[in-house]
Protein chains: 2
Amino acid sequence: MLNGKAAERKISVETVQRVLAAAKDVNYTPNALARGLRQKKTHAIGVVFPHLRNDWAHLIMRGVVEELGASETVPMIVCHHGDAELEARLLRSLVERRVDGIICNPLRNGMDRYRDVVRRGVPLIFLGDAPKGLDEIPCSAWDPAAVHLAVEHLLALGHRRIVYLGSRDNRVISEARRHVFWDSLRQAGLSPSRRDIILSSTSEDVGDGPLELLRGENPPTAFFVEYDDQAVSLYQLLDDAGVACPRNVSIATMGGSPRSVSAGCCLTTVSAPVVDEGRACAQRLMSMIDEPEHKPERAYVHGGSLLVGQTTGPVANSKPGSRGTP
Amino acid sequence: MLNGKAAERKISVETVQRVLAAAKDVNYTPNALARGLRQKKTHAIGVVFPHLRNDWAHLIMRGVVEELGASETVPMIVCHHGDAELEARLLRSLVERRVDGIICNPLRNGMDRYRDVVRRGVPLIFLGDAPKGLDEIPCSAWDPAAVHLAVEHLLALGHRRIVYLGSRDNRVISEARRHVFWDSLRQAGLSPSRRDIILSSTSEDVGDGPLELLRGENPPTAFFVEYDDQAVSLYQLLDDAGVACPRNVSIATMGGSPRSVSAGCCLTTVSAPVVDEGRACAQRLMSMIDEPEHKPERAYVHGGSLLVGQTTGPVANSKPGSRGTP
DNA sequence: ATGAAAGCGCTAACAT
DNA sequence: ATGTTAGCGCTTTCAT
């Protein structure tokens, strides 16, 4: 009767009222542990974030909550601040608490942890990116084709030597972005070289590579940066070195959501459809939970648009070293 | 033996190894639901946020995680996006899942929900602020005395008519800030009037009140704004109306953490010791859980420092209408 | 239709 | 010291 099936079982309204009143009197609180233990279902999913910065997790959760909607399932967020050991503990904890499924923005080096989760029978889906070599685990991510928008923009401004700054992070989307970058340049009739792609070891920092390039021969006139955190680092690096940013070198990047960008320093960026990513991820996880038989593949969330900020501009004509258009 | 009490029980290393191997073989996963049901303890606490924006939740969680440290307790974050009904569902869910305690940044109008939580026997502590009239529920919050720093700053710049912009939000810290503001002005020998305190209905927006004031007689030369979200609104309002911000009117505010401020438009703000707030809150909740007998009172987290941005400057001398210093 | 009983997986208490 | 059992609170199943 406390299940809300009163009408269906033809119980008088009066009785229902009485029971509900009694329940309130004794302060009755259903025990979700007992229920979960019995039903083998907790109506909770875990959402694992490395951090809650820059509104990213906020927007993801908007999508997740929207998708879950009136469903009884509750998203439980955990956050490990990039600490691999903590991530492991949190994942174990979620699994032991028998969440119905897990959404996880993965760390690069967590392969065994993620495998462990699925081995224990908990549906897992990656959010945003996926470690390479874990193709059996599905992933909802932003379509890397969006890279094209930024490259087009730089090409339209006359840039011909564009250097890609990324991170050596062993993830599939990260790699896919490099391919799109490469293809975009080739489609434009350029012949990018292997050395135009510089990978640093973290996804926040860029090394000194960019400065050396600028001081060398045939310096790039623009950088395409894989993650916006890195772009901010680059901007500051250039600023400290006295390189004027839109004038001498342009910077375009990926992943800024409209909100975080308008609040921050105005990078030219391709905005990510973050809410949609969250929604798609939740939707697919729920279907994995409902129908464990068919495994979804990797799926891309399309969308995003170029936000032209103050870090891109036409090629400086002052230096005659630039090669002409083909 | 799976409890890690092997040494203490003098079980041979070999046996331990064998058991662990067996456990791995059968893919044994302890069931936290059963354990929680039996022990009446889940080693989980709930953390309830209205939103995950601006790094605030991020920094709070740094403090919480630091404090929980090696303890087995896991913080489960939920986020309701300001939706009161969703907050109610999430709180119920946490209670029914028998979390050991709850940290909650409260909404203004959630009194009955919060009361309900404690009536069901779950330790609850408010984070950052507390609804008025719920003094039985403890609260960890930033010491409102920090308001003084901002007011001092404005006074030192020569401002004598400073208007307080806050929100009618029926919370204790919010009110305390007004008192500190008032006292700071009195201490400086000024006689603030009731009409120098303007309250709007939301904590993000300011009405048109500020503009009207500026156009009226004896206009203020500075605003002290209770929350930084409001300060941003005010800044834009003034900007749209063509009022130059540091030149004609100064704005100082509260609550910006160093990070979010440096990324955003450079408001003059008093930075909040957000990580410490998180730590203090977690620490006190844990002690409430361990010793349910003595209830902690409200406690303030001290700290924070003035970050002088680009929205405060000396009083414009152009208008002779300003009263002289007493 | 209604009620009784079994059992989910664990641990604390008890008995050996 | 070691093994056994009862029971946490719920739902499902089986018997009436």
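Numbers restart at 1 for each chain; the letters A, B, ... are given by sequence-line order, proteins then strands.
Rounded to whole Å, the distance from CD on A/Gln39 to C1' on D/dT12 is 10 Å. Nucleotide D/dG9 holds its P atom 12 Å from the CG atom of A/Leu37, rounded to whole Å. If you measure from atom CD of B/Glu96 to atom P of D/dG9, you get 14 Å, rounded to the nearest angstrom. Rounded to whole angstrom, the span from the CZ atom of B/Arg97 across to the C1' atom of D/dC10 amounts to 14 Å. Atom CZ in B/Arg35 sits about 18 Å away from atom P in C/dC8, given to the nearest Å. Atom-to-atom, CG of B/Asn27 to P of C/dG9 comes out at 14 Å; the value is rounded to the nearest Å. Put simply, CZ on A/Arg98 is 11 Å from C1' on C/dC10, counting in whole angstrom units.
Stretches of at least 3 consecutive Watson-Crick or G-U wobble pairs, with each checked distance under 3.5 Å, appear in DNA chain C as C:1-14 with D:3-16.
Test B/Lys41, B/Met286, B/Met288 against B/Asp100 for side-chain contact (heavy atoms from CB on, under 4.5 Å) and you get one pass: B/Lys41.
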Restricting both atoms to N or O, compile the protein contacts to nucleotides 4-7 of chain D shorter than 3.5 Å, with distance only.
| unit_1 | atom_1 | unit_2 | atom_2 | d |
| --- | --- | --- | --- | --- |
| D/dG7 | N2 | B/Arg38 | NH1 | 3.4 |

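Among residue pairs with one or both ends in residues 61-83 of chain B, those qualifying as salt bridge (Lys or Arg N to Asp or Glu O under 4.0 Å) are B/Glu66-B/Arg279; sequence neighbours excluded.
A salt bridge links B/Arg119 to B/Asp116: at least one charged side-chain nitrogen sits closer than 4.0 Å to a carboxylate oxygen. Salt bridge A/Glu175/A/Lys132: present, at least one basic N to carboxylate O contact under 4.0 Å.
Listed candidates were D/dG9, C/dC8, C/dC10. Nearest to the side chain of A/Lys40 is C/dC8.
Side-chain atoms of A/Trp142 come within 3.5 Å of backbone N or O of A/Gly303 as a donor-acceptor pair. Looking only at distances, no side-chain donor or acceptor of B/Arg284 sits under 3.5 Å from a matching main-chain atom of B/Ile125. Judged purely by atom type and a 3.5 angstrom limit, A/Asp129 has no side-chain atom pairing as donor or acceptor with the backbone of A/Asn105.
Between B/His51 and B/Trp56, the ring planes lie tilted relative to each other; the angle falls in the 30° to 60° range.
Counting all heavy atoms, side chain and backbone alike, A/Tyr227 lies closest to A/Arg171 at OH-NH2, 3.5 Å.
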